[in-house]
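To find a chain, count down the sequence lines: A is the first, B the second, and so on, and within it residues start at 1.
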Amino acid sequence: MNASRPNDHTQPNAPTDRDAAAPDHAADPNNGSDPNPSGEKTHRHFIRQAIDADLASGRFDGVRTRFPPEPNGYLHIGHAKSICLNFGLAQELGGTCNLRFDDTNPTKEDTEYVDSIQEDVRWLGFQWDNLHFASDYFDQLYQWAEKLVMEGHAYVCDLTAEQTREYRGTLTEPGRDSPGRSNTPEENLDLLRRMKAGEFPDGAKTLRAKIDMANPNINLRDPVMYRISHVPHHRTGDKWCIYPMYDWAHGQSDSIEKITFSICTLEFEHHRPLYDWYCEKLEIHHPRQIEFARLNITYTVMSKRKLLQLVQEKHVSGWDDPRMPTIVGLRRRGYTPESIRAFCADIGVAKFNSTIDVVRLENAVREHLNEVAPRRMAVLDPVKLTITNWADHGSPVEMMSAINNPGDESAGSREIPFSGSLWIERDDFKEEAPRKFFRLKKGGAVRLRAGYIVDCHDVVKDDDGNITEILCTYDPETKSGEDTSGRKVKGTIHWVSCDHASEVTVRNYDRLFSVENPDNVPEGKTFLDHINPDSLSTTKAYVEPALCEAKVGDRVQFERLGYYVVDPDSKDGEMVFNRIVGLRDTWAKIANKSEGNPKGGGKQGAGKQGGGKQGSGKQKTGKQGGNQPASGKPPQAKKTD
RNA sequence: UACCCCGUGGUGUAAUCGGCAACACUACUGAUUUUGGUUCAGUCAUUCUAGGUUCGAGUCCUAGCGGGGUAGCCA
């Protein structure tokens, strides 16, 4: 097979919002002592420090990293951390970063994922230098395996999977030698070639590295290098019936690509001695593996297995459900690549196994959208407001000028039709209101955003006592921007003219789980029991005319409510908006507090932590209750990835 | 009860050679505001514990405690 793919420069649509800062910090890679010419104080995490040291000592002459996903699922926010790290380091230090698919297990992998992963990396704003597949290296790997066999460093083992497990020993007891360990190199070579030729059924034999069956590090107890699996591979077809294990493929692929820093997550820490062993025995380029803590976020699950389960059991609409922490999910939710990158930069890199508060993610997108999202008005829970003296105005409709972004003059303004018949938010009116309620009440006044001040003099109710109409007069002296009245009102509310409003669908998304750590479940329950039943509420809404021009993917702020994005489900005349994140809601806090209500009532609905944070002591845990006594018995199956 | 890694505010990350525990977020106060948004100002720490070395310890040493990971022919 072709051992490597040439540079893949076929990406037609490199992201438009790509971080333009890429080239300007291209520091001299040989200068590890002062890579910060700007003089600006930057924190260098431990990986960066290790790189600086290796560059300074001459161990490596540059920075070459890689992002190595297995194409067996969609990328999630945890992968984004790794992507930002690997690509970011290469950018900062003038190095390169490859995208390599770790496709060594055809029973689990699929081209569907190969495509989505590439799209996600690009969308995040990164461009790989080379695109590779571990399967491109299968020939080289096999040659190296024969070399190790001939040098007496590997042997063919006849043990079944179950026997292999028994012979391996336990955490507290050493293992025993496999009978195959005493084969001659010639015997092993013959057996290996016959394995490759397909003479043996699945599971009949393995090739194993000959290291040390008594090593306290179980990865060194003669790890399997090849297993037999008569399964076609999505790229190599049926050429192979033996497939390399992760440890045997990964480091060697790194080596072939001349990677200098092989950055991975903490659970591979005890694989590092094996990574090193292979490179040493083969006498090939030897990258340095460095491990960091994977990302955990409150109110979410991150394991591929659980995400897959959510999709397969239809707890969500798919991998791109806006509640999923997948990149496709976040994209559909309306998150920007910039905000995800900012989040990843914000949370740092360390070896401590921490859990990031999800509000930091929410805050990152809020911060970015505050700068770039045009403001619009939308009423999600409408009640009619009639201006009883509007006839005095002369014309039935007046166009009002509204600023698009108060923080950005260059965003300009737009015209909104104002009339005597408006929709306002039901929440924004109370017949009798507490002192701190700044919105409209009977006998009170409020400003209509970009419009006039109105005074409420009456309400109309139906037979059940529900308010159906609010009657106000407007004050002609108080037109927004031309107010000559000198009147001050405490509140400003949003509105939409009834005759000019468009009806749209709004999907208000909230956190998928209602507890901080969904993985922390009592006996007999699963993380699914923590799904937030109110994570999606769909409603009709009235929006101002300017929104009719919005395209799929456009993000706006519905004033006083939150940030919204036009969903791909939108059709002509039937727009669908997803809530990306709500605005900070100080009023909800005040209201909750005065009611002594610890939960609910906020714009985010259930799941928002209100006042009721659980736990008090330090909870630096990823998982709980998973502590396994070293009983000498294998634990029940558990999966993280 | 084997081996490896990790313990700094509510959360996360810093702290040059051992020298005033800093930054960000949250929370809480207050100011500003035609978004209860934004912005601005302020408040919140026995550096896991106990010893030791030192003029001086988050940092070095010893012991303990706590958390995470590891026994796939997964990655």
Side-chain angles (χ1 to χ4, degrees), chain A residues 41 43-45 68-70 72 102 104-105 107-108 157 159-161 164-165 168-175 202-203 205-206 208 215-219 221 224 226-229 243 245-247 249-250 266-273 291 293 298 304 346-357 359-360 363-364 366 370-371 375 377 403 406-407 436-439 447-451 453 480-481 483 489-494 557 559-562 583-590 611 613 616 618 620-624 626-635 637 639-641:
Chain A
K41 201 163 195 172
H43 297 152
R44 288 206 227 150
H45 53 71
E70 183 187 14
N72 71 343
D102 241 334
T104 57
N105 185 359
T107 61
K108 293 188 171 182
C157 174
L159 263 26
T160 64
T164 306
R165 198 179 317 123
R168 185 159 33 230
T170 69
L171 294 174
T172 51
E173 302 154 13
D202 289 3
K205 294 183 190 307
T206 55
R208 293 229 253 161
N215 200 294
N217 181 343
I218 289 176
N219 291 302
R221 317 241 264 230
V224 171
Y226 278 106
R227 75 283 216 180
I228 299 173
S229 182
Y243 291 98
M245 297 290 288
Y246 165 84
D247 290 295
H250 193 91
L266 247 31
E267 67 270 25
F268 293 104
E269 208 152 20
H270 2 359
H271 292 243
R272 187 173 359 120
E291 311 85 12
T298 57
K304 277 190 195 171
D346 189 43
I347 58 178
V349 179
K351 297 192 77 160
F352 181 70
N353 205 319
S354 61
T355 302
I356 306 293
D357 194 331
V359 303
R360 298 182 72 134
N363 193 61
R366 224 184 253 129
N370 178 49
E371 290 170 13
R375 297 324 79 146
M377 291 205 276
I403 205 97
K436 287 185 192 162
F437 186 82
F438 300 155
R439 285 110 97 146
R447 173 169 291 282
L448 296 173
R449 177 79 161 148
I453 290 177
S480 187
D483 192 323
V489 290
K490 193 74 178 162
T492 299
I493 63 172
H494 59 277
Q557 182 195 98
E559 289 218 33
R560 304 210 303 132
L561 297 176
L583 254 27
R584 275 207 183 79
D585 191 351
T586 309
W587 166 245
K589 283 181 200 163
I590 297 168
K613 270 214 168 170
S616 50
K618 194 142 194 168
K620 300 200 162 178
T621 60
K623 250 180 236 167
Q624 266 168 343
N627 206 9
Q628 206 65 31
S631 60
K633 289 283 177 214
K639 293 252 181 182
T640 357
D641 211 73

### Ring-base stacking, A/F352 with B/G7 (5.5 Å, 30° cut-offs)
no

### Task
Indicate yes or no for a side-chain donor-acceptor contact from A/D585 to the backbone of A/A588 under 3.5 Å, with no hydrogens or angles considered.
yes

### Query
Does a side-chain N or O from A/T298 land closer than 4.0 Å to OP1 or OP2 of B/U11, or not?
no

### Interatomic distance where NE2 belongs to A/H271 and P belongs to B/G72 [whole Å]
11 Å

### Query
Between B/G36, B/A14, B/C25, which one does the side chain of A/H45 approach most closely?
B/A14

### Counterpart residues, ring pair (Phe, Tyr, Trp, His ring centres under 6.0 Å), relative to A/H494 (two or more places apart)
none

### Message
Of the listed nucleotides (B/G36, B/A24, B/C73), which one gets closest to any side-chain atom of A/R360?
### Response
B/A24

### Message
Work out how far the P atom of B/G58 is from that of B/U53, and round it to whole angstrom.
### Response
16 Å

### Query
Got a sec, which residues hit side chain to side chain donor-acceptor pair (under 3.5 Å) with A/R439, two or more places apart in sequence or on another chain?
A/D428

### Message
Side chain of A/L583, heavy atoms from C-beta onward: which of B/C3, B/G37, B/C73 has the nearest atom to it?
### Response
B/G37

### Task
Please list, chain by chain and in numerical order, all residues satisfying side chain to side chain contact (heavy atoms under 4.5 Å, CB included) with A/A249, sequence neighbours excluded.
A/T104, A/L141, A/P244

### Query
Does a side-chain N or O from A/K490 land closer than 4.0 Å to OP1 or OP2 of B/U33, or not?
no

### Summary
Of B/C73, B/G36, B/A27, the nucleotide closest to the side chain of A/K589 is B/A27

### Message
Using OP1 and OP2 only, check whether a side-chain N or O of A/S354 sits under 4.0 Å from B/U13.
### Response
yes

### Query
Are A/N215 and A/N217 linked by a side-chain donor-acceptor pair shorter than 3.5 Å?
no

### Task
Using the closest heavy atom to pick a nucleotide of RNA chain B for each, name whichever of A/F438 or A/N105 lands nearer the 5' end.
A/F438

#### Entry: B/U46 versus B/A57 - spacing of their C1' atoms, nearest Å
15 Å

### Task
Kindly say if A/T355 contacts the phosphate of B/G12, meaning a side-chain N or O under 4.0 Å from OP1 or OP2.
no

### Message
Taking only the P atom of each, what is the distance from B/C60 to B/U8 in whole angstrom?
### Response
15 Å

### Query
Considering only heavy atoms and no angle criterion, is a donor-acceptor pair shorter than 3.5 Å present between the side chain of A/T172 and the base of B/U1?
no

### Task
Quick one: label A/S229 by what it contacts on the DNA or RNA (base, sugar-phosphate, nothing), any heavy atom closer than 4.0 Å.
nothing

### Query
Which nucleotide sits closest to the side chain of A/E70: B/A75, B/U34, B/U70?
B/A75

### Query
Roughly, in whole Å, what's the span from CZ in A/F268 to P in B/C3?
24 Å

#### Entry: Sugar-phosphate, base or nothing in reach of A/I493, heavy atoms under 4.0 Å
nothing

### Query
Reckon A/G481 touches a base, only the sugar-phosphate, or nothing at all at heavy-atom distances under 4.0 Å?
base

### Message
Quick check on B/G7: is either OP1 or OP2 less than 4.0 Å from any side-chain nitrogen or oxygen of A/K351?
### Response
no

### Query
What's the base orientation of B/C48: syn (chi within 90° of 0) or anti?
anti

### Message
Tell me whether the side-chain N or O atoms of A/R165 pair up with the base of B/G72 as donor and acceptor below 3.5 Å, since no angle test is needed here.
### Response
no

### Task
For B/G18 versus B/C61, give the span between their P atoms, rounded off to a whole number of Å.
11 Å

### Message
What is the distance, to the nearest angstrom, from the CZ atom on A/R449 to the C1' atom on B/U34?
### Response
6 Å

### Task
Give a yes or no answer on whether the side chain of A/T170 reaches the backbone of A/T172 with a donor-acceptor pair at less than 3.5 Å.
yes

### Task
Using atom CE of A/M245 as one end and atom P of B/A71 as the other, report the distance to the nearest whole Å.
11 Å

### Task
Indicate, with a heavy-atom threshold strictly under 4.0 Å, whether A/V489 touches base, sugar-phosphate, or nothing.
nothing

### Message
Should A/Y246 be counted as stacked on B/A75, where stacking needs a ring-centre gap under 5.5 Å and an angle between planes under 30 degrees?
### Response
no

### Query
Whole-Å distance between B/U35 P and A/M377 CE?
12 Å

### Message
Looking at B/G36, I'd like to know if its phosphate oxygens (OP1 or OP2) sit under 4.0 Å from a side-chain N or O belonging to A/R447.
### Response
no

### Query
Is any side-chain heavy atom of A/H250 closer than 4.5 Å to a side-chain heavy atom of A/P68?
yes

## Note on the structure
Ranking A/W587 and A/G203 by the position along RNA chain B of their nearest nucleotide, the one closer to 5' is A/W587

### Task
Give a yes or no on whether a donor-acceptor pair under 3.5 Å exists between the nucleobase atoms of B/U70, that is its base, and the side chain of A/E269.
no

### Query
When all nucleic acid strands are considered with a 4.0 Å heavy-atom cut-off, which category describes A/L159: base, sugar-phosphate, or nothing?
base

### Task
Specify the separation, in whole Å, of atom CG of A/D346 and atom P of B/U11.
16 Å

### Task
Check whether the ring centres of A/W587 and A/F438 lie less than 6.0 Å apart, and answer yes or no.
no

### Task
Could you work out the separation of B/C48 and B/U59 based on their C1' atoms and round it to a whole Å?
16 Å

### Query
Rounding to the closest angstrom, what is the interatomic distance between B/U43 and B/G56 at atom P?
31 Å

### Message
Would B/G72 be called syn or anti here, given the cut-off of 90° from 0?
### Response
syn

### Summary
Dot-bracket assigned to RNA chain B with the 3.5 Å Watson-Crick/G-U criterion, [ ] for crossing and | for other-strand pairs, is .((((((..((((.....[..)))).(((((.......)))))....(((((..]....))))))))))).....

### Sequence-distant partners of A/H271, ring pair (Phe, Tyr, Trp, His ring centres under 6.0 Å), two or more places apart
A/F268

### Query
Counting only side-chain N and O atoms of A/R168, is one of them less than 4.0 Å from OP1 or OP2 of B/G72?
yes

### Task
Between B/A45 and B/U11, how far apart are the C1' atoms? Round to whole Å, please.
14 Å

### Task
Tell me whether the OP1 or OP2 atom of B/G36 has a side-chain N or O from A/R560 closer than 4.0 Å.
yes

#### Entry: Selection from B/U38, B/G36, B/A75 that lies nearest to any side-chain heavy atom of A/R227
B/A75

### Query
Would you call A/E559 and A/R449 a salt bridge, taking side-chain N to carboxylate O under 4.0 Å as the test?
yes

### Query
What nucleic acid atoms does A/Q557 come within less than 4.0 Å of, heavy atoms only: base, sugar-phosphate, or nothing?
base

### Task
Please identify each residue that fulfils side chain to side chain donor-acceptor pair (under 3.5 Å) with A/E291, with sequence neighbours left out.
A/R272, A/Q289

### Under 4.0 angstrom between A/R375 side-chain N/O and B/U38 OP1 or OP2
no

#### Entry: Given B/U11, B/G69, B/G36, the nucleotide with the shortest approach to the side chain of A/H270
B/G69

### Task
Specify the separation, in whole Å, of atom CD of A/E267 and atom P of B/G72.
16 Å

### Query
Taking atom C1' of B/C4 as reference, at what distance in whole Å does atom CZ of A/R272 sit?
9 Å

#### Entry: Whole-Å P distance, B/C6 and B/C23
27 Å

### Pairwise side-chain contact, A/T206 with A/M245, heavy-atom cut-off 4.5 Å (strictly under)
no

